[in-house]
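Worksheet: the structure to be examined is printed underneath.
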Amino acid sequence: MSYVDRVIAETEAKNPDQPEFLQTVREVLNSLRLIVDEDDRYEKAGILERIVEPEKSVIFRVPWVDDQGRVQVNRGFRVQFSSSIGPYKGGLRFQPSVNMSVIKFLGFEQIFKNSLTGLPIGGGKGGSDFDPKGKSDGEVMRFCQSFMTELYRYIGPDTDCPAGDIGVGAREIGYLYGQYKRLCGSYKAGALSGKGLSYGGSLGRTEATGYGAVYFTEEYFKSIGKKIEGTTFAISGFGNVSWGVCKKINELGGKVVTVSGPDGYVYDKDGVAGEKVDYLVEMRASCRDLVKDYADKFHVEYHAGEKPWGRVNADIYMPCATQNEIHGEDARRILEEGASRILIEVSNMPTTQEGVDLLMKNGVTVLPSKAVNAGGVAVSSLEMSQNAEHLSWTAEEVDEHLRGIMKNIFQSIHNAAESYGCFGNYVVGANLAGFRKVAEAMLAQGVC
Ligand code: 2IT
C-alpha cells in the first residue's frame with residue numbers, strides 16, 4: 001500500500017463520523033502523491049500522519065441567557081491544526097450545521113490556503129452551532145461574551161488569531177474582542193482580525209475575500225486571454241463574499257446575473273449592480289436568510305428550491321455560499337448547458353468530489369477555493385502586521401498588497417502544476433504548492 005493510501009485509510013478509521021473532514025483529506029492527500037512518492041523524507045518523518053492530526057482541538061460549553069431569561073447552551077469549537085509556519089489563523093463560523101467534522105475540514109483547508117498566501121500564518125478554525133437567525137442584538141452579545149470567556153485562554157497575537165466566517169461579521173467580532181480585552185487586561189489587537197476600523201481593524205478587510213477572488217480571476221484570465229469586462233458570472237450566496245465579488249466585477253465591467261440563498265436563486269438579467277449590491281448587505285443584516293426578498297424588491301425571476309448551476313447561461317460559475325453546494329447532478333447540468341467551461345470556487349470546498357471529477361474529466365477548468373478565496377485571510381494577516389507595528393495602512397496600500405498576493409498565488413499554483421507535469425490542473429497545483437512550504441517547515445523543525 002502506498003504511503004498516501006495508508007494515511008488515508010488510517011484517517012478514515014480514526015474519524016469515521018467526519019465526512020467533510022475526510023472529503024478534504026482524500027482530495028488533498030491524493031494530489032500529494034506526486035511529491036511524497038518521489039521523496040521518502042516525507043514518509044520517514046511522518047509528515048502526512050502529523051498533518052492530518054490537529055495539534056490541539058477544544059470543545060467547550062457556551063451557556064448564555066436569552067431575552068426570555070431562559071438558559072441556552074451551545075457548543076463551541078476551536079481546532080488549532082498546524083503552527084508550522086506561523087500562529088494558527090482562521091475564522092469562526094456560527095451556524096447550526098457546525099460540528100467537529102465541519103471545523104476540521106475548514107481547519108485542514110486553512111493550512112494550505114494560508115501557506116499559499118506566502119504570509120507567516122498557520123492553520124486553525126473554530127465556531128459554534130449557535131444560530132444567529134432571529135436572535136436579538138443583546139442575545140448575540142451575551143453569546144459572544146460567553147464564547148470568548150472560554151476561548152480567550154487559547155488565543156493571542158502570537159498563538160492563534162481567529163476571525164469571521166459564516167455568521168460572524170463586524171458585530172460579532174466587536175463583542176468577541178470587547179470580552180477578550182476585559183479578560184486579558186491588556187490591548188492585544190492581533191488576537192482577532194476583522195475588527196472595526198475604530199479599534200484596530202484594517203481597511204479593505206471586509207471586501208478582501210471577494211476582491212481577492214476577482215483579482216485572482218483577472219490573473220487567470222490573463223493567462224487565457226480573457227477579460228472581466230464583458231464576461232457574465234453566475235454566483236451563489238448573498239453574504240459578505242458575494243457582495244465583494246459583485247462590487248469588484250461591476251467595477252471591472254463584468255456582469256453578475258444570479259445570487260442565491262438557502263431558499264433558491266434569483267436571475268437578474270440586467271445584472272446585480274448599483275443599489276442592488278447594497279441591498280445584499282441589508283438582506284444579510286435582516287437575518288431572514290431569504291434571497292426571495294431580492295426578487296420581490298427588484299421584480300426579477302425567482303426560482304424556489306433551486307441553485308443556478310447549469311440553469312442559467314453564464315460564462316463563469318462562481319460558488320460563493322458554502323461547502324458542497326455543487327453536487328454530481330449540478331456538474332452534469334453544467335456540462336449539458338455547455339456555455340461555461342470554467343468553475344471558480346470561492347466558498348470553501350463548494351464542490352463535492354464527484355462534482356470536481358466530472359467537471360475536470362470533461363475539460364472544465366476548476367480554480368480551487370483554497371487559492372481563490374485566500375485574499376480574506378491574507379488581509380487578516382496584514383491586519384495582524386498593522387496591529388504589531390501599531391500603525392494602519394491606507395486603503396490603497398492594503399489593496400496593492402492584496403493584488404500582489406493574489407497574483408503570486410495564481411503564479412505559484414500554475415507553476416506547481418506545470419512542474420509536476422499536470423499543466424492546467426489547478427486543484428493539484430494548489431495542494432502541491434501549499435503543502436510544500438508547510439512540509440519543509442515540518443522537516444526543519446523535527447518531530448513535533
Ligand atoms: O475561510 C477563511 O479563510 C476565513 N473565513 C477567513 C479567515 C481569516 O482569518 O481571516
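Note that ligands are numbered from 1 as they come in the structure, with each ligand's atoms numbered from 1 the same way.
- From the protein, the heavy atom lying nearest to atom 10 (O) of ligand 1 is Ser380 OG, 2.5 Å.
- Residue Gly164 has at least one heavy-atom neighbour below 4.0 Å for each of these atoms of ligand 1: 4 (C), 5 (N), 6 (C).
- Ionic pairing of Lys195 and Glu383 is present here: one or more N-O contacts between side-chain nitrogen and carboxylate oxygen are shorter than 4.0 angstrom.
- In this view, Asn30 and Arg33 satisfy the side chain to side chain donor-acceptor pair (under 3.5 Å) rule, not counting sequence neighbours.
- Annotation for ligand 1: atoms under 4.0 Å from non-hydrogen atoms of Asp165 are 1 (O), 4 (C), 5 (N).
- Cation-pi geometry between Lys125 and Phe77 is not met at under 6.0 angstrom from the ring centre and within 45 degrees of the axis.
- Per-residue contacts place Ala163 under 4.0 angstrom from the following atoms of ligand 1 (heavy atoms of the residue considered): 8 (C), 9 (O), 10 (O).
- Residue contacts with ligand 1, taken as heavy atom pairs separated by less than 4.0 Å, do not involve Lys370 at all.
- Taking every non-hydrogen atom of Lys89 and a distance limit under 4.0 Å, the qualifying atoms of ligand 1 come out as 8 (C), 9 (O).
- Remark: Lys248 is positioned above the aromatic ring of Tyr211, its terminal NZ or CZ atom under 6.0 angstrom from the ring centre and at most 45 degrees off the axis.
- Within the 4.0 Å heavy-atom criterion, neither part of Leu106 lies near ligand 1.
- For the pair Arg403 and Tyr215, the cation-pi criterion (under 6.0 Å, within 45° of the ring axis) is fulfilled.
- With salt bridges taken as basic N to acidic carboxylate O contacts below 4.0 Å, one links Arg153 and Glu150.
- Here is the list of ligand 1 atoms found below 4.0 Å of a heavy atom in Gly91: 7 (C).
- A perpendicular orientation is assigned to the rings of Phe423 and His414, their planes being inclined by more than 60° (bins at 30° and 60°).
- The nearest non-hydrogen atom to atom 6 (C) of ligand 1, considering only Glu383, Arg205, Met384, Lys113, comes from Arg205.
- Applying the 4.0 Å criterion to heavy atoms of Lys125 picks out, from ligand 1, the atoms 1 (O), 2 (C), 4 (C), 5 (N).
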